[in-house]
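Worksheet: the structure to be examined is printed underneath.
In the text below, chain A, chain B and the rest are named by the order of the sequence lines, each starting its count at 1. All values derive from a computational prediction rather than experimental measurement.
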There are 2 protein chains.
Amino acid sequence: MAVTDEAITKIKDMIISGELSAGDRLPPEKELSEKLGLSRSSLREAVKALEIIRVLDVRRGDGTYVTSLEPKLLTEAMTFIVDLHQDETILEIFEVRRMLEPAAAATAAARITPQEIVALRATMDNIDEQTSVESLVQHDLVFHQLITAAANNSYLTSVLDSLSSSTVRARIWRGLTQEKAVDRTLSEHTAIIEALERGDAELARSLVTVHISGVEHWLRQAL
Amino acid sequence: MAVTDEAITKIKDMIISGELSAGDRLPPEKELSEKLGLSRSSLREAVKALEIIRVLDVRRGDGTYVTSLEPKLLTEAMTFIVDLHQDETILEIFEVRRMLEPAAAATAAARITPQEIVALRATMDNIDEQTSVESLVQHDLVFHQLITAAANNSYLTSVLDSLSSSTVRARIWRGLTQEKAVDRTLSEHTAIIEALERGDAELARSLVTVHISGVEHWLRQAL
DNA sequence: TACAGTCTATTGGTCTGATGTTTGTTTCGC
DNA sequence: GCGAAACAAACATCAGACCAATAGACTGTA
């Protein structure tokens, strides 16, 4: 194995073993490179790789730290990857979303707080027939993120956020070509909010399924 | 933005824009570093970062290539990250699995082929009371991977595979402490296979839900 | 004393150039 | 035509130099 990959593995092991914990500062590059037995240049390649997947946080003039390692940080790394995997497999992404979002909504129905309900309703303000397509898409994105967040599961949030980001474009297409997108989106969202507020998990699940399937169905025809 | 991060963005953009496609070879390091306006060392850091998330494939003595970018490649990158996010949030991982695996099984029920059924049955050979815990865990892992694969969705496979890797440890614990693990696992797996064979999506969904929940329930008590 | 500004040691950021190692290709003898 | 040797191309690694940002110590002033 190349020295750089060895260094990546060693640093990873230091974290898994607990020798390094979240928030800990690594030794300076010079020192660490000597300890691991490789040059500073090669070590820097390893650090850069770990930085891009949000395992390390490098602060110039200060030092290099282990990140909080919260599942939330998975999002950025996953999004980066998913961004490169677009178009041809977008239907597969929708299929996964159709599995997760209804389940997330059902879970949220049991856990959602009154404050979160208020926040959900707030996303629907200032949305009407004059709303731009971009705004509508943004509203829809936030709406789904709020529901996911209400399910209170960091991994779920990470996975769904990263899968959703790449579908923004698809939603824009829909907005551009399908009439009454605003009306339909608002009424569907309203129904979902009411189901969540009543704690009706099964209805929330079905409504979200229908909502996602609507976009998916249109996409399937368009492609 | 640092020159290295700029280089990462530029290479990523070259892929998204289509200037570079899957399988394409990048210019030599020296040439590309001049084109992007940075030193070879810094460029190498960028390339290493993209290599670890399986976007680039560096072949010593040959050149650097864009990978196939298949969703499958997402797995390794995600697994790397999930591996570091263990223990404290393992229940959240199980919750996501409990959302996805039953849905995957229901989808598989409609798509599964006779060959895949045979493969599923084969995983149960050579498993009995004398089987080691490690073998049982391995068998269970393969069993679920086969079902996921039968759902025929690369993204689903990627996400589930990476989430499952980190739960292997939990399964081992279960095997070590819970009696009749072999019996129970075999009978549950048998039932799932029969439901899939009959194309009974709803039964498959429920059986998998029960199966996953069993482990999750035990884990919740143990923690 | 408290505060603001300055200075400095530390640490990461970048570059250059040399050398080693691997791989693919070409050449040449048989 | 085939295989081995030589060659060229490309990545792997290193050493050392200098730049730039930051945190923390220091200092002068109110």
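Under the 4.0 Å criterion applied to side-chain N and carboxylate O atoms, B:Arg111 and A:Glu95 are assigned as salt-bridge partners. Look at B:Asp83 and A:Lys12 and you find a salt bridge, because one of the NZ, NE, NH1 or NH2 atoms lies within 4.0 Å of a carboxylate O, short of that distance. Under 4.0 Å is where a charged nitrogen must lie from a carboxylate oxygen, and between B:Arg54 and B:Glu70 no such pair does. Ion pairing of B:Lys48 with B:Glu51 is present here, as a side-chain N (NZ or NE/NH1/NH2) and a carboxylate O approach within less than 4.0 Å.
A parallel orientation is assigned to the rings of B:Phe143 and B:His189, their planes being inclined by less than 30° (bins at 30° and 60°).
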For residues 19-28 of chain B, which side-chain donor-acceptor pairs fall under 3.5 Å, sequence neighbours excluded?
| from | atom 1 | to | atom 2 | distance (Å) |
| --- | --- | --- | --- | --- |
| B:Glu19 | OE2 | B:Lys35 | NZ | 3.4 |
| B:Asp24 | OD2 | B:Ser21 | N | 2.8 |
| B:Arg25 | NH2 | B:Asp62 | O | 3.1 |

Worksheet item: Going through the checks in order, is the side-chain contact (heavy atoms from CB on, under 4.5 Å) test met by A:Ser41 and B:Glu45?
Response: CA-CA 9 Å; A:Ser41 333; B:Glu45 289 180 24; over 6 Å; no
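A straight line from CG of B:Leu32 to P of D:dA9 spans 18 Å, rounded to a whole angstrom. To the nearest angstrom, P of D:dC14 lies 14 Å from CD of A:Glu29. Counting to the nearest Å, the P atom of C:dG12 and the CD atom of A:Glu51 are 12 Å from each other. Between B:Glu6 atom CD and C:dT14 atom C1' there is a gap of 13 Å when expressed in whole angstrom units. C:dT10 atom P lies 13 Å from atom NZ of A:Lys30, rounded to whole Å. At whole-Å resolution of the value, CD in A:Glu45 and C1' in D:dA15 are 15 Å apart. One interatomic measurement links the two molecules: NZ of A:Lys48 to P of C:dG13, which rounds to 7 Å at whole-angstrom precision.
Of all the residues in residues 57-65 of chain B, B:Arg60, B:Gly61 reach under 4.0 Å from DNA chain C with at least one non-hydrogen atom. Non-hydrogen atoms lying under 4.0 Å from DNA chain C are contributed by A:Arg40, A:Arg44, all within residues 37-44 of chain A.
OP1 and OP2 of C:dG13 both lie 4.0 Å or more from every side-chain N or O belonging to B:Thr4.
Under the 3.5 Å distance criterion, the side-chain polar atoms of A:Ser42 are left unmatched by any main-chain donor or acceptor of A:Leu38. No side-chain donor-acceptor contact under 3.5 Å links B:Ser33 to the backbone of B:Leu43.
Among the protein residues, B:Val3 comes within range of the sugar-phosphate backbone only, with heavy atoms under 4.0 Å from sugar or phosphate atoms but none that close to a base.
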